[in-house]
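The next block holds one structure in the form of structure tokens; read it before the comments.
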Amino acid sequence: MTAHHVPDVAPAAGAVNAENAYTPRERKVVLAFAIIGALIESMELNLLSYPLRDLADSFEVSTQAVVTVITLQSIASIAGGFIFGWTADRWGRRPTYVAFTSIYGTLAVLGAFLTSFELFTVTRVVAGIAMGGAFGVIFAMFTETWKTKNRGLMGSVLQGMFICGTLITQAILFATITSFGSDAGWRTGFVVIGAMSVGIGVVALRSLPESKVWRAARDAAAAAPAKDTALQTDPSAPGSSASPDERRRVLLGGVFLTLATTGIFAASYCYITFGPTYLREYAGLSLGWATIVLSIGTLLGIASYITFGALSDRIGRRGSTFFSCAVGVVGFGLFLAIGSDTETAQGSGSAWSTATAALAGAAIGYAGFGVVGTWISEFYPTRYRALGSGATYYVARGVGSGLFPLVALMAADGNIHRAMGFGVIGAVVGMVGCLVVPETRDKVITS
């Protein structure tokens, strides 16, 4: 296993690293902005899902047209992962954080006043590009600030904020729609959430500390152009940070890290996409009971994120991801076997209990998200951490959350129960893919 481990090499004397560069207060401030940034990004991402019917009615289009906008927004975030990741690695974490929060916040407010569906679609696609900057920058900020000892635990808390943001969006839009009606309600909700995003960007411009690790890496590169040129000419020279061995390790590890993350996304979005329909149409639950079951699943998901994130600090990122995906294999497998009973028991008490039990395992079964956020950002070197992290995460999200559920539904011939059960494939891919990725638990994040 040593061939697949990133060694815990002590940084050179005087080197700037996450262990020695920050005061406790600075770490808390960066963590606070990272958490808020994750919440805001999730809130913006889910702006279209909850008021799907309201948007369709307002613009006089089909719900499928709105779903198409959601898909385009998701695809656009892939480009954003590259664009804003590159920007953050070149000009800094803080200005990039300010840029993407302000851009998609402004576009949410603008979208609230549009009556043209075509223009609305443009605003959501551009917002999707901005959303692509969130993960890479937020986790780069966090990883370059937080100490090694409990970075897995805190990273899982940060990742869990993406779930919490969904709940906040639903609460705000529920309140505005019930208070002001369908059309005015979703528009008011867009303004509220968009204004919050812009406000966070303004505060970050003044109060978010720039990454000292990133800044030290930039300053070192600027101070030694001759050395950099020599290393580029002979990448195998002593001290080179771009040797052929490292390039192979990063390329191979990055491919399998993206593959594993894609599998986890596929499992999670089979649950997220098909869960509500399964509970109401197959298990025969009312909207109220279905909401309760899904809320329980959300809480189980957050708890499992934190559990496996904390476990990764003890047994490593690879082991914790492997075992979390193994739970997914069991959970989705049981769902395929047990959940089928509810198809012939619609509306009965046994259907409620069976569906709840079956979905609990599936909800816990994509807990690898509690680990991969930290793992991805630890894996890539400081000089392109935001770019590598954003590329891995958003490519995985585009394939796993956008493409896989559609393919699963087609393969299942429209059977929601079977399509949701195909989440087991994603869990298997995550479990196998993570075995090839280098371990990073003890890695000291340095410039």
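Nothing here was measured: the structure is a model prediction, and the numbers come from that model.
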Any sub-3.5 Å donor-acceptor pair from [X]'s side-chain atoms to [Y]'s backbone N or O?
| X | Y | result |
| --- | --- | --- |
| S320 | F308 | yes |
| S77 | S74 | yes |
| S42 | A38 | no |
| N46 | T166 | no |
| N150 | L153 | no |
| Y104 | V198 | no |
| R94 | L208 | yes |
| R441 | R317 | no |
| N17 | N20 | yes |

* Asked: Going by an N to O cut-off under 4.0 Å, is there a salt bridge joining E26 and K212?
  -> yes
* **Carboxylate-amine/guanidinium proximity below 4.0 Å for R151 and E378** => yes
Looking just at side-chain N and O atoms, do [X] and [Y] make a donor-acceptor pair shorter than 3.5 Å?
| X | Y | result |
| --- | --- | --- |
| S62 | Q64 | no |
| R27 | T145 | no |
| R385 | T382 | yes |
| T392 | T258 | yes |

* Taking only residues at least two apart or on different chains, which pairs with a member in residues 394-417 satisfy salt bridge (Lys or Arg N to Asp or Glu O under 4.0 Å)? -> E41-R397
Do the two ring centres, one from [X] and one from [Y], sit under 6.0 Å apart?
| X | Y | answer |
| --- | --- | --- |
| W91 | W86 | yes |
| W186 | F190 | yes |
| Y271 | F274 | no |
| Y269 | F404 | no |
| F265 | Y393 | yes |

* **F256 atom CZ: more than 12 heavy-atom contacts under 6.0 Å** => no
* Asked: What is the distance from atom CG of D89 to atom CZ of R383, rounded to the nearest 0.5 Å?
  -> 10.0 Å
